[in-house]
S.K.: 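My structure is below; once you've seen it, I'll send some questions.
To find a chain, count down the sequence lines: A is the first, B the second, and so on, and within it residues start at 1.
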Amino acid sequence: MKQQTFKKEERLRSLKVIEQLFDRNNAANLSVGVYPLRFIYQKNERSGKKMPEILISVSKRNLKKAVIRNLIKRRIRESYRLNKGKYDLKSLSYLAVLFIAKENLSFELIQKSMDKFLNRISKGNSV
RNA sequence: GAAAUAAGUCGUCUUAUCGCUUCGUUCCGGCGAAGAGGAAAGUCCGAACAGCACAGAGCAUCAUGCUACCUAACGGGUAGGGGGAAAGGUUAAAAAACCUUUUUCACAGAAAGUGCCGCAGAAAAUUAUACCGCCAUUAUAUGAUGGUAAGGGUGAAAAGGCGGGGUAAGAGCCCACCGGGUUAAUAGUGAUAUUAAUGAUUGGUAAACCUCAUGAGCUGAAAAACCAAAUAUACCUGCUAUUAAGAAUUGCUCGUUCAAUGCAGGAGGGUAGGUUGCUCAAAAUAUCGGGUAACCGAUAUUGUAGAUAAAUGAUAAGAAUUUCGUUUAACGGAAUACAGAAUUCGGCUUACAGACUUAUUUCUUCU
RNA sequence: GCCUUCGUAGCUCAGUGGUAGAGCACUUCCUUGGUAAGGAAGAGGUCGGCAGUCCGAUUCUGCUCGAAGGCU
């Protein structure tokens with residue numbers, strides 16, 4: 001329960017890293033789709049930082065209204081904040097979370113998807 | 001009491017747990033305070049503010065367009081004038097006229113000039129070129145020549161309308177009334193209205209070009225300033241100390257300025273973080289006063305988001321409103337609109353579940 | 001945040017005030033033993049939507065919906 005914070009240090013803000021993360025030719029980028037979310041991440045060793053940096057994106061193409069986009073971004077962030085404390089995320093350095101669905105979805109669905117992904121990552125790390 | 005229309009106001013609330021942003025405080029563990037809208041939207045107008053330019057002048061371009069007022073300003077608003085439409089009333093045989101109410105109008109100029117007006121029609125615009133018709137003459141029984149725009153027909157629109165005189169038949173050819181034009185007087189700040197005189201009286205279109213009047217320098221906070229880091233007045237090519245050519249002068253021209261630490265191009269390198277701008281402002285609320293109103297003035301109180309890939313959220317419980325079912329006052333289910341600040345204001349436009357207030361009209365019930 | 005352009009037949013596009021067109025595709029017929037090509041005929045449009053100007057709007061004006069692109 002100590003790790004339920006989400007401050008500025010955990011947000012991905014560097015343009016260079018973002019460009020690197022969305023480069024399709026880069027072999028270090030791994031991608032997993034768990035509806036309604038898609039995760040793009042890197043497993044590099046990180047030095048000095050305690051937690052991974054995360055980026056959340058909701059496309060304007062799929063969801064026209066700003067109110068709904070904001071709501072979904074907040075729900076994704078909330079689901080990450082509540083679930084990250086359960087698992088060991090030492091291997092994860094950068095993570096981009098994309099919203100794929102074309103309609104508004106409830107918090108429950110997003111949370112399930114996030115939980116599944118984090119579970120898989122932490123297991124991969126232990127093996 | 002219900003419905004419709006118009007105008008205006010509001011537009012879910014409370015508690016708990018875990019979080020986010022800013023500010024304050026701190027014994028650095030924390031603690032406290034504040035935290036989306038009426039449209040924050042569209043980006044359609046107008047400003048503030050900032051940078052660049054600025055001796056100045058002209059042209060072009062764009063916008064606005066009845067009058068007065070409000071306003072920092074406006075293409076916004078208020079009031080008035082005029083035109084159109086609808087309803088009712090009065091006069092009247094009818095056409096129509098007048099009055100009242102409601103509603104609506106991007107409402108300067110077509111007598112400065114140019115263009116356009118398909119099809120139909122004789123003719124679509126410098127006193128018109130005659131299809132049918134009417135009249136005259138002539139030959140003859142239907143043609144020819146001439147006159148005629150009153151009637152028919154065509155069309156969205158036919159050279160003011162209507163009645164009388166007049167005439168071979170007709171025509172503002174002449175006259176009365178009406179409409180419109182011009183001039184004058186009176187009323188009004190003005191748009192305009194009323195009255196009088198005057199002359200036969202020139203289709204529509206300017207959301208076609210255009211004319212007139214008024215206004216606008218250009219670019220927008222990703223503007224701009226400072227700090228840190230990095231550094232380059234590196235290098236190459238061209239242009240020039242005189243004329244020419246060139247460059248700048250932010251649409252063009254004149255004019256003005258420029259001589260190397262300059263201008264233009266090439267190739268290449270670095271940074272891409274922070275602070276200010278940034279939220280106290282043409283501020284909001286209340287009361288009183290002025291004004292038909294938009295709005296203005298005085299007094300008091302309040303101190304009201306400031307993020308930067310971008311905070312204002314998630315979960316649980318309860319309440320409120322609407323609706324559906326069971327069934328008659330409780331239970332259960334569902335729903336609670338439009339929509340998210342990005343420098344800040346004033347408007348306009350568009351979206352909006354539901355609730356409330358006021359006014360008008362209609363219907364019903366009671367007195 | 002700011003700016004620009006485009007919505008016309010199933011698809012790609014013309015048309016810029018006066019009866020909405022072309023190519024490909026589609027349907028029917030001819031041709032062939034059969035198919036393709038070729039020939040003949042035909043169907044298919046609220047000109048994105050709502051208002052206004054005009055006698056008349058795809059065209060002009062305003063609002064609105066959607067799509068694409070640019071500035072950085």
S.K.: Are there runs of at least three consecutive Watson-Crick or G-U pairs touching RNA chain C, with each pair's two distances under 3.5 angstrom? Give them by first number.
M.R.: C:1-7 with C:65-71, C:10-13 with C:21-24, C:26-30 with C:38-42, C:48-52 with C:60-64
S.K.: Go ahead and name the base partner of B:rU231; Watson-Crick or wobble counts if both distances stay under 3.5 Å, otherwise write none.
M.R.: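 Paired with no nucleotide.
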S.K.: Under the rule for ring-ring contact (aromatic ring centres under 6.0 Å, His included), what residues qualify as partners of A:F117, not counting sequence neighbours?
M.R.: A:F39, A:Y41
S.K.: Measuring only the P atom in each nucleotide, how far is B:rU304 from B:rA33? A whole number of Å is fine.
M.R.: 15 Å
S.K.: Mind checking what makes side chain to side chain donor-acceptor pair (under 3.5 Å) contact with A:Q111, not counting sequence neighbours?
M.R.: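 Not a single residue meets the side chain to side chain donor-acceptor pair (under 3.5 Å) criterion with A:Q111.
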S.K.: Mind checking side chain to side chain donor-acceptor pair (under 3.5 Å) for A:N70 and listing every partner two or more places apart, or none if nothing turns up?
M.R.: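 For A:N70 there are no side chain to side chain donor-acceptor pair (under 3.5 Å) partners, ignoring immediate neighbours.
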S.K.: At what distance, to the nearest 0.5 angstrom, does CD1 of A:I56 lie from CZ of A:R69?
M.R.: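 If I round to the nearest 0.5 Å, the distance is 14.5 Å.
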S.K.: Rounded to the nearest 0.5 Å, what separates atom CD1 in A:I54 from atom CG in A:L95?
M.R.: 4.5 Å
S.K.: Tell me the partner of B:rU275, counting only Watson-Crick (N1-N3 plus N6-O4 or O6-N4) or G-U wobble (N1-O2 and O6-N3) with both under 3.5 Å; none if nothing fits.
M.R.: B:rA225
S.K.: So, A:R81 and A:E78, do they make that salt bridge, N to O below 4.0 Å?
M.R.: yes
S.K.: Nearest 0.5 Å, what's the CG-CZ distance between A:L109 and A:R75?
M.R.: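 So the gap between those two atoms works out to 10.5 Å.
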S.K.: Please state how far atom CZ in A:R69 lies from atom P in B:rA41, giving the value in whole angstrom units.
M.R.: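 A:R69 atom CZ is separated from B:rA41 atom P by 13 Å.
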S.K.: With sequence neighbours left out, what residues match A:R77 under side chain to side chain donor-acceptor pair (under 3.5 Å)?
M.R.: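 Here no residue qualifies.
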S.K.: Just label B:rG29 as syn or anti from its O4'-C1'-N9-C4 or O4'-C1'-N1-C2 angle, using within 90° of 0 for syn.
M.R.: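 With its glycosidic angle within 90° of zero, B:rG29 counts as syn.
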S.K.: Given the P atoms of B:rC131 and B:rG146, what is the spacing between them in whole Å?
M.R.: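 Nearest-Å result for B:rC131 against B:rG146 at atom P: 12 Å.
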S.K.: P atom, B:rC10 versus B:rU285: distance in rounded Å?
M.R.: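 Approximately 10 Å lies between the P atom of B:rC10 and that of B:rU285.
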S.K.: Does any nucleotide pair with B:rA60 by Watson-Crick or G-U wobble geometry, both distances under 3.5 Å, and what is it?
M.R.: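 For B:rA60, the partner nucleotide comes out as none, under the 3.5 Å rule.
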S.K.: Classify the nucleic acid contact of A:R77 as base, sugar-phosphate or nothing, counting any heavy atom under 4.0 Å across all strands shown.
M.R.: sugar-phosphate
S.K.: How long is the line joining CG of A:L109 and P of B:rA314, in whole Å?
M.R.: 16 Å
S.K.: Treating Ile, Leu, Val, Met, Phe, Trp and Tyr as nodes and any side-chain heavy-atom pair under 4.5 angstrom as an edge, say whether A:V67 and A:L71 lie in one connected cluster.
M.R.: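 Looking at the clustering, A:L71 is in a separate group from A:V67.
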S.K.: Can you tell me the base-pairing partner of B:rC27? Count Watson-Crick or G-U wobble geometry only, both distances below 3.5 Å, and say none if there is no partner.
M.R.: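 Matched B:rC27 with nothing under the 3.5 Å cut-off.
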S.K.: As an exercise, state the distance from CD1 of A:I110 to CD1 of A:I72, rounded to the nearest 0.5 Å.
M.R.: 6.0 Å
S.K.: So what's B:rC13 paired with, Watson-Crick or G-U wobble, going by both distances under 3.5 Å?
M.R.: B:rG318
S.K.: Starting from the 5' end of RNA chain B, give me the residue, A:I56 or A:K65, whose nearest nucleotide shows up first.
M.R.: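 Residue closer to the 5' terminus by nearest nucleotide: A:I56.
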S.K.: Can you tell me whether the side chain of A:R81 and the base of B:rC20 have a donor-acceptor pair closer than 3.5 Å?
M.R.: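 No, the side chain and the base share no sub-3.5 Å donor-acceptor pair.
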S.K.: Heavy atoms only: give me the nearest A:L37-A:M114 pair and the separation to one decimal.
M.R.: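 Scanning both residues completely, I find the closest heavy atoms to be CD1-N, 4.3 Å.
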S.K.: B:rU312, OP1 or OP2 - any side-chain N/O from A:R74 closer than 4.0 Å?
M.R.: yes
S.K.: Mind checking the C1' distance from B:rA286 to B:rA305? Whole angstroms is fine.
M.R.: 25 Å
S.K.: Using purine N1 to pyrimidine N3 plus N6-O4 or O6-N4 for Watson-Crick, or N1-O2 and O6-N3 for G-U wobble, both under 3.5 Å, which nucleotide pairs with B:rU357?
M.R.: B:rA7
S.K.: Checking one value: the base orientation of B:rG38, syn if chi is within 90 degrees of 0, otherwise anti.
M.R.: syn
S.K.: 5' to 3' on RNA chain C, which nucleotides open and close the contacts with chain A (atom under 4.0 Å from a heavy atom)?
M.R.: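 With heavy atoms of chain A under 4.0 Å away, the range is C:rA67 to C:rA68.
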S.K.: May I ask which nucleotide in the shown strands pairs with B:rG332, Watson-Crick or G-U wobble, both distances under 3.5 Å?
M.R.: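 B:rG332 is paired, partner B:rC324.
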S.K.: What is the separation between atom CD1 on A:I72 and atom P on B:rA314, rounded to the nearest whole Å?
M.R.: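 Between P of B:rA314 and CD1 of A:I72: 12 Å.
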S.K.: Could you work out which one of B:rU312, B:rG340, B:rA314 sits closest to the side chain of A:A66?
M.R.: B:rG340
S.K.: Is B:rU279 in the syn range, within 90° of 0, or in the anti range?
M.R.: syn
S.K.: Rounded to the nearest Å, what distance is computed from the CG atom of residue A:L82 to the P atom of nucleotide B:rA314?
M.R.: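 From A:L82 CG to B:rA314 P: 12 Å.
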S.K.: Which base, if any, makes a Watson-Crick or G-U wobble pair with B:rU195, both distances under 3.5 Å?
M.R.: B:rA184
S.K.: Quick one: classify the glycosidic conformation of B:rA36 as syn or anti, with syn meaning within 90° of 0.
M.R.: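 That one's syn.
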S.K.: Tell me the interatomic distance from A:I54, atom CD1, to B:rA310, atom C1', rounded to whole angstroms.
M.R.: 16 Å
S.K.: Taking the C1' atom in each of B:rA355 and B:rU12, what is the distance between them to the nearest angstrom?
M.R.: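 About 11 Å, rounded to a whole number of Å.
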S.K.: In terms of the nearest nucleotide of RNA chain B, which residue is placed more toward the 5' end: A:N70 or A:E108?
M.R.: A:E108
S.K.: Say you pick atom C1' in B:rC69 and the same atom in B:rA40; how far apart are they, in whole Å?
M.R.: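 About 34 Å, rounded to a whole number of Å.
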S.K.: Identify whether the glycosidic angle of B:rU301 places it syn (within 90° of 0) or anti.
M.R.: anti
S.K.: In whole angstrom, give me the gap between the C1' atoms of B:rC280 and B:rU344.
M.R.: 12 Å
